[in-house]
Structures are given as C-alpha cells and as structure tokens.
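Chain letters run A, B, ... following the sequence lines, proteins first, then strands; residues in each count from 1. Predicted model, so just to flag it, every value in this text is computed and none were measured. All values below come from the heavy atoms of this structure, side chains included, with hydrogens, waters and symmetry mates left out.
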Amino acid sequence: MRYKGNILEVNDLCLSLSNADGAPVKILNNLKFNVRSGEILGLIGDSGSGKTMTALAVSGLLSDFAHVDSGEIIFEGEDLVKKTPKERRLLLGEKIGVIFQDPSSALDPLQTVESNLSEIISIRDGDKSKGHERILNMLKTVGFDDPKQIAKRYPHRLSGGQRQRVLIAGAALMNPSLLIADEPTSSLDTVTSMSIMQLLHEMCQEMGISILFISHNLNTVRNFCDRVMVMKEGTIIDADTSWDIMGQPKSAFTAELLMKSKLDPHALGITRGEARENAASVLTAKSICAGYKYAGFTNDKMNHVVNNVDFDILEGECVGLIGSSGCGKTTLVKSILGLIKPSSGIIEMNGRIAAVFQDPVSSLNPAHTVRWHLAEALRASGRKMTREEQKPYFLKILEDVGLEGKHLNRFPHQMSGGQRQKAAIAMCLVQEPAVIIADEPFSALDASSQASVIKLLSDINANRGTTMLIVSHNLLVIKAMCSKVLVMDKGRIVESGNTDEVLENPKAEATHALLKAGKYAV
Amino acid sequence: MRSSANSKRYLYIGSALLAIVAVFFIIGLIWTPYGINSTDSASKFIAPCAEHLFGTDNLGRDVFSRCLAAARYTLLVSFAGVAVALVIGTITGLLAGYYGGIIDKVIMVLSNSIMCFPGILLALVAVAIFGPSLYNVIWALGLVFAPTFARVYRSSTIELLGRDYILSAKVMKVNPVRIMFVHILPNLMPQILPAVIIGLANMTLFESGMSYLGLGVQPPAASYGKMLADAQSYMVTAPWLIFFPTLMLVCYILGLYFVSEWVRTSVNGGSK
Amino acid sequence: MGNEVRTVFSKICEFVLTALLVSFFTFAAFSIIPGDTARVMLGPDASEAQVQQLRTELGLDRPLAERYGTWLRDAFRGDLGNSLSFGTPVSELISSRLAVTLGMSFIALIIVILVSFPMAAFCSRNPGNITDKTLSTAGHILFAIPPFALSMMLILIFSKVFHIFTAGRYTAPGDNFGAYVVSLLLPSLCIALPKIAMTFKFLRASMIEYSHSDFVRTAKSHGLTDLRIMLRHIIPNSAVSSITVISLVLSDILGGSLIVEQVFNLPGLGRLLLAAISRRDFPLLSGIVLYLAIITVILYFLADIFAAVIDPRIRDRRAA
C-alpha cells in the first residue's frame, strides 16, 4: 500500500556546511517543497544552488561537515530530522532509493552485479533463494533481456547505461516509495540518457514510485516531470507544472535559464559556412578503417571502430559530424589528425590541419604561458619570426579570438574555461591552417562561453575562409553552423548531405534516434 | 582545511630537522673540535660531557667530531645517488611511457628484473665486485633506485598522453623529443618531487645499511653506519655510541619524510 | 573463461622470462668483473699457474654464451658449483641457512599484514583525530630509523632491561619448532616495524579514498552499516590496490633480513653473503644472489596471481 498524500514534505529546512576554517556557510535557506504521491518532481538549478545538498539531506547521506540547523523533513508522516542515524539508515534502500550522477564507479568493481545487489536484501531478511529471484525480476524490469547473464557480470564489463540501470534496479529493489535521482543522466550520451529517463517514467507509472529528479538542465525535465521547481542559492524561487514553467516563467532567473537552454543563431549573428563556388576539396577520406590493436597470443587483433569511411570536405565549408557516443567519431577524428594510424584507406589533405579539443581544462599545457603556446604553434608551423615581430602578431591574434593582451603572459590555471578554449583556437590561427577540426569544443563550457566560442568559430570560418569540421552532439549548434552534416553510427557514415535535408527528413535509423534524443536533452 | 594546517606543521618540523643536519654538514666541512681519527687511549668511553658533547668511543675518538664529519658522506651519497637514478629514470621512463609498445616492454621487463633483486643485495653485490669505494656505492645505489623513478615517470607520462594539450602538440607535429622534455617533463614535477625526496631518505637508509656491513664508505672517512657497527659490542656500557649516530640519521630521514609529506599535500591541494 | 586461462598463462610466461633474465643478470654480473676474474679472486700474490688452473676450473676460457648455458643447466639441477672458501657445494650451504632468512621474512610479513590492516581500517574511520595523528606520527618515526639501529635498541630493551631475550640464540626448526619461531620473533619485529609504517600509510590513504568513493556511497544508499561497508567493500578494494606495495615490501623484507640477522648474530643468508663477499667467493655469492632473486620473482608472481584472483578487472585486462 502506498502512502496517500504527500510522500515528502520539506518545511523551512536550513542547512549549513562548515568551510575550511570550520565556520558554517549556509547552503539551504528555509527550503520548502513537497513531493506528492506518484509524481515526478523536477528540481532545477545551477551548480552550487544546493540541489545536491537537498538530495543528501532528504536521503540522510550528508557528510560530517554538513549540519541541519532547523526545519523538518517529513517522510510518510514522520520527521526524519528527529530520527536516529540507525533508523534513517534502515529507511535507505527500503523506503527511499537514491541514484547518483556518475555510474562509472558506483558499483563495487570486485563483485558481480548480483552480489552488489544481494546485500540490500541479505541485511534485511536472510532468504537467499528468494532474493535471487527478486534480483533477476528487477533486472528484467529495468530493461535487461537476459538478467541471468547480467547478474553474473562484473561492473567493468557493463556500459555506462547498463550500470545506471543496475543502480536503478538496486534503488528500486525493495520497492521504495521515493526515488531520489541526482542528475542520473548527465554523464551519459543523449540516446542512452533518454532511455534511462523513459525507464524512470515507467517505474513511476507502473510501480507507483514517486521520483525527485534533480538536473541542471531545464530542457531535460520539460517532457518528463509533472512539476518543476527552480532553485537558486538554497531556496525555491519558482515552482509550477512543467508546462507552465516553460511557457510563462514567473521569475527572471527561470527565464534566463530558459534562454540559455536555447540557441538562437540570429541573435548570435551566425551564418552557415558554405563551400565557395568551384571550391577544391581540402580534406578527402577514402575508405578509412581504423581501430585499436590489442595483443593476442598468436597475432595482434584489430578491433575496428571506424569502418570504410568516405567523405570529402570542400574549401570554406563548415561540416558537422554527429553520432551517439561510441559510434567512432573520436577515432575517426584521431585518424584524420594523424594521432592513430588508420589500418587502411587514404586521407588527402590540402594544407595544414589544426585541432581544438573538448576539454578546456587540459586544452593548454599547465606548465606554460599563453605566449609559449603561441610561440610553439608558430614554431610548429615552420614560420620564423624574431621576438620583436612576435609580440604584435600574437596580440593581434589574441584580439581576433576575443582575448586581451594581458592574457599573453597568463598561465592556463589563471583563465576561465572559455578563455582557455579561445587561447587554444588562437594556437590554431597562428598555424594558419586550411582546416580546423573541432572535437566537441563547446560541450564542457557554460552556456555563455559556449555561445561566444560558437560565434568565434563561425566568424573564423566566414572571415578567414578556414574550412571547419565540427564534431558535436548538440544538434542546434550543428544546425546553426554547418551547411553539410555527416551522421555516424557503428563506425560507418550512415547518412550525409545538406544539413536541413538530413535533419528534417532523416533516412537512417541512427539519425532518427539522435533527433528524438535531442528533443529531450539538448 | 585542517589538513593544510597539519601539512604546514610537517613543513616546519621537517625543515627544522633538516636544518640541524645542514648545520652539522657545514660545520663538519670547516672544523671539527678533535681530529676524527685521533685516538686517545686516556679518554676511552667518556660519557657525553662538556668536553666531549657526544662522548668518546672505544678508541677514545670524539663522537661529536665524527658525527660532524660523517654528515658530508650521508648527504653526498644520497644526493649523488638520487641524481644518477633520476637521470637514468627520467630518460627510460619518458621513453617507455611516450612510445609504449616494444620500447616500453623492453624497458619495463629490464626494470622489473632489477626490482626482483632486493635493493640492498644488488648494491652489495655491485660493491663486492667492483670494490667498496664512494663512487661505486653511489652508482650502485643509483642503479638500484632508477627503476623506481622510471616507473613514476612512465605512469605519469601515460596519464598525460591523453591530455588535449599533448594531442594538440602531436597534431602540430612537434618533435617527439621536444614533446617529452618541453611539453611533458615540466608537468611531472608534482609526482617527481615527492619521489625525489623519498628517494633521498631511502638512499640514506641503504647507504647506512651498507656502511654498517662495512661495504659503504671506507675508513678513514667516518660514516654513521660504520660508527654504529663499531659501537654494537659496547652498546650496553656506552649506549651514547649508538644514540647519537642514530639520532643524526633519524633527523635527516625524518626531516625528508616530513617535507615530502608537505610537498605531496600542498601539490595535490594546489591543483584542485 | 578463456580470458582467465590466458591471463594465467601470460603471467607464467612473464614469470619464466623474468626468472631467466634475473639469472642472466646474476651470471653476467659475475662475468664482467673488471680485469681477470681468476686473478681478482686469488689476489695479487698467486702464481700464474694457480690463476690458470682456477680459470680452467671456473670455465673462464670458454665463450660467455656457452658458460651461461652450462651454468643455467647446472643451476636448474640445483648444482651451483662448489664454494671456494668452504669447499662444500653452494646449494648445500645456502639451504642450510634458508630456514633463518625465509622464516624471519615470513614472520615479518605476517606481522606487517596483521598489524597494518586493522590499524589502517581504524584510523581511516576518523582521519585527523588524536589516535590517527599519534599512530601516523609514530609510523613516520619508525619509518625513519634504520632497521639495524632499531634492532640494537630493541636488543638493548628486551635483553638488557627486561631480560627476556638473548641475542644470537637460535634453535633450528627441526630441533624445536616453537623455540625456532620464538628465536626469530624479535628480529622479525625489527624488520617488520618500518614496513608496517609504510604499509599502514599507504593503506590508510587508500581506505580514506575508498570511503569517499562512489560505490561506498551506493552501499550507504542501500542501507548498509559502516562496519559491513568496511569489511565487504573498503578492505577488499584497498587490498587490491596495496598488492604492488606489499610485494615491494616483501622484497624489502628479504633485503632487510640480510642486515638484521647480522645484528642479531643469526646464522642466515646475510652472514653467508658477507662471508662470501669478504672472501671473494664468487660461486657462493652468485648462488646466494640467484636464490634470493628467484625467491623474489616467485613472490611477485604469487602476488600477481593473488591480485588476479580477487580483481576481475585484472583477469580481463587482455580482452579489454
């Protein structure tokens, strides 16, 4: 029997965290909300807004540094704040299930899936054979066709999506009334995360589990939650049904969040990079196969990740490469860049090639200044300049990418993610390349720097005529920047052509899946 | 954090201990109150007093003077030995980590085989074959320690290889030697620095062990290990003969450990 | 299943290769002695005829590869030649001393494991509290005392102050096994104490790290008690990550026993080694080196196998 009424009521909850000096810092400020029976409640906020602390406070997994100052957390009519640690621990896994953001190491690597799950049952009642049945059933419920096989597997043999399913199975094993999901999909790719969200939706519908769903992304929860709350600086500033909150946001902050989640090419002034008339091809790939070797006993075996890929990029074009994670995008890019040797096929290049990578944290060498980076790029391009000539040239390049002269002598750790990514682009410009390949250059940036980097790349394409190959999972970006798009799936290019044609009239199944997922999670 | 206050304390105590050793080292280079080998049958086994701060030994030699003089060998062997190990370890470790494949396999198999000999054994055998001399002790210990450094370099190099800035250097077709020494090497300091300091400490433990067995620095030079070996027969009647040389060694080694602890925590904390 | 068989097989290949390399190094080390080996061994006073005779006796006039082949074949049969100074077969000399060195190392290892694991588990629960600080500092200090100096101090304390131990008294395991273990207890402790410090420090850090890991958080969210999480998740995972450190400790223990038995005046390999060095008895010396190195290789091999048994990721490494 499910508890009727509000499963969870949080009243005037104040929570503080002791900082480095031991002084308390307020994290949650008179937090007040409730979760109704059988609903999915979305909790949205920027990082640092206190949403994870809320999840930890409700579940009782707060660290020793956190302290509940006042307020109540009423779960099924009982105040959790007044309960002893032991009583709270017994609720966990039994009545309250929790799943977290990153499934990659959330299962004990030394134990099989089954023994990871079985202790939930064995600490409560000792009946092992019943537990076995129960685990297999639950694994089936969370979408495994062959639960017996999965139960015997070790976590390192599961994909990220599979691990998250196992964790959901664990959280739901004792049929709890509340499931707290703290960004359960943000480390998964779009197609997988959509399937995880569907699973959660089904569990809510069929098993009647109420879900508190935490995310930093408004669009994620739009099609999924019954109600949405927006959190800022430890309080709820906006709460409504998800339909209304998207349509008519009450607070300016929500409106801003909404704005950021959309990308408006006109507002940014981006035009698509089209090939010039009679343009020659700059980068041609002919039946490329590439992959990773692993040493076998008698001979080395090849694991092909990229299979017979052909494409042709013309001068001045901006081409998008899309595909779900694991489709071979990165391997293809690495073989074009010469970082791995293709096992067969030809890559023809007309001019220098430069690259921008995903992670702004490691895009620059932490031991050296921006000036060193630019000088190194200059040196690599084979041009010679005296030190006196270098400085004005570097300053000009920095200005072109939207950085200032003072950044020349900065170390990477003294700059923001967006600035670092711009400095990496400046390195590309110094090399005067014919093609710039950008591998997910925006995905790790916050919304505003994302927009400025997109604008920058688009401008370089338009003003300098540099050809671009953009790899991204963000279909909006691809749509805004690229005139041509390549869709990759399982190591092959399954569809290619004009961006509008491909995205509006997709033929390949993989493109369909990407578009569908894109609606949820862009 | 509380831990940073803690690690500051490590730095202070560690530096203080090292400062004591440094003072002994510098004074020992310039001046000793008595000749380090001047025996005096009239003043055997004198307990620590104003004239002989650390007492005298079975031959009437002044222990304080000998402790002053022995500091130079302890420091010399540990620093020179670590330098040898560092040079060999840097080159092989970078090569193995950067190139991988067959070069990596060969270097790793070689270094694994060296590590299969208990370190002290290898050093003892080298000295046994080539004769006990300062230089043989240094290069033998350097060789014994090189695989440790090579491993640190190798694994951190492999970790860095996946970083975007190394990828982009490769895309720019920067010369591999330049990538290794200009792009990668400066980033390995956080791993190497503690390893070097711990290396100095371990080197001292080994050196003193060898000297104790009589296969380290040879007389007439004074060394802590040999002083302890000579003192062993008289340890009941003249415990100060054991106490002071041990104290010097502990000062040096403990000081190094404490400083390395500080380096480790402050470097890790700094990168966060 | 196939992967596991392959992993074990490749480990065995690695083991054989390392053992061969180690044996070659041992052999080569004694073949590259500067100058004439026979002359070095006999000293400057020997006549030319004596040198020539020793040269033939040692087979020094044959090519290096051939000598290595013969040496390896003989070594495999357990024949390491005759000791020059004792005149008896090297393998007999060594096996008569093994009981001391191996026994001490084994006891030391047990002490290290039995003490460091519970201590680390205890301290990692409340890092930074007074017990943790005291134990950590004590660990640092123990770590910094050279084992032979520590031995002298312990001898002083146990034999002169408490009168419960006599240095140099040793009972062979065949005579009275209990007395044998007791006679090795204190020296083993001297080897073990610095290594406890080292293992403890590593384990403590690793346990603290694991107690903040994602899978421990998952286990907490499943409602498991702290004790159960410690026993079932944190300790096994720390054990896996500490295997490398423990196998290094093992090699250090073997090396340490060579010195410590000198302090305690025990008839082990260490004293034989010193005798061989001082008498320039190279056949005996190379025999001891080979024995110790092969023992270490075997221990490393066992540690590898142990790691593969508890860690499925290592079993699968080849397939990944």
Measuring from atom [atom1] of [X] to atom [atom2] of [Y], what distance do you get when rounded to the nearest 0.5 angstrom?
{"X": "B:Phe117", "Y": "C:Leu254", "atom1": "CZ", "atom2": "CG", "value": "13.0 Å"}
{"X": "C:Phe143", "Y": "B:Ile198", "atom1": "CZ", "atom2": "CD1", "value": "6.0 Å"}
{"X": "B:Leu121", "Y": "C:Leu269", "atom1": "CG", "atom2": "CG", "value": "9.5 Å"}

So for [X], is it side chain, backbone, both, or neither that comes closer than 4.5 Å to the heavy atoms of chain C?
{"X": "B:Ile253", "value": "both"}
{"X": "B:Ile242", "value": "side chain"}
{"X": "B:Ser208", "value": "both"}
{"X": "B:Val250", "value": "both"}

Electrostatic pair B:Lys105:C:Glu14 at N-O distance under 4.0 angstrom:
no
Identify the heavy atoms of B:Met115 and C:Ser251 that sit nearest to each other, and give their distance.
O-OG, 4.1 Å
C:Leu285 versus chain B, heavy atoms under 4.5 Å apart: side chain, backbone, both or neither?
side chain
Would you find more than 12 non-hydrogen atoms of other residues, nucleotides or ligands less than 6.0 Å from C:Phe106 atom CZ?
no
Quick check: are there more than 12 heavy atoms from other residues, nucleotides or ligands sitting under 6.0 Å from CZ of B:Arg72?
yes
May I ask you to name which of [options] has the most heavy-atom pairs under 4.5 Å with chain C?
{"options": "B:Val127, B:Leu228, B:Leu215, B:Ile120", "value": "B:Leu228"}
{"options": "B:Val236, B:Leu249, B:Thr204", "value": "B:Val236"}
{"options": "B:Cys116, B:Pro118, B:Ser113", "value": "B:Cys116"}

Stepwise, does the side-chain contact (heavy atoms from CB on, under 4.5 Å) test hold for C:Phe25 with B:Leu110?
CA-CA 10 Å; C:Phe25 283 158; B:Leu110 282 178; 3.5 Å; yes
Please identify each residue that fulfils ring-ring contact (aromatic ring centres under 6.0 Å, His included) with B:Tyr12, with sequence neighbours left out.
none
Side chains of [X] and [Y] in contact at under 4.5 Å (non-hydrogen atoms):
{"X": "B:Tyr224", "Y": "C:Pro146", "result": "no"}
{"X": "B:Tyr10", "Y": "C:His140", "result": "yes"}
{"X": "B:Thr246", "Y": "C:Met153", "result": "yes"}

Ignoring hydrogens and angles, tell me if any N or O in the side chain of C:Gln262 forms a donor-acceptor pair with the backbone of B:Leu213 under 3.5 Å.
no
Chain B interface, residue from C:Leu248, C:Leu156, C:Leu273, C:Leu258 that has the most non-hydrogen pairs under 4.5 Å
C:Leu156
Go through C:Ile145, C:Leu299, C:Leu17 and name the one with the most non-hydrogen pairs under 4.5 angstrom from chain B.
C:Ile145
Residues pairing under ring pair (Phe, Tyr, Trp, His ring centres under 6.0 Å) where one sits in residues 231-255 of chain B, two or more places apart or in two chains, turn out to be B:Phe45-B:Tyr234, B:Phe54-B:Phe244
Could you please spell out the steps behind the side-chain contact (heavy atoms from CB on, under 4.5 Å) verdict for C:Leu21 and B:Asn112?
CA-CA 10 Å; C:Leu21 257 173; B:Asn112 279 342; over 6 Å; no
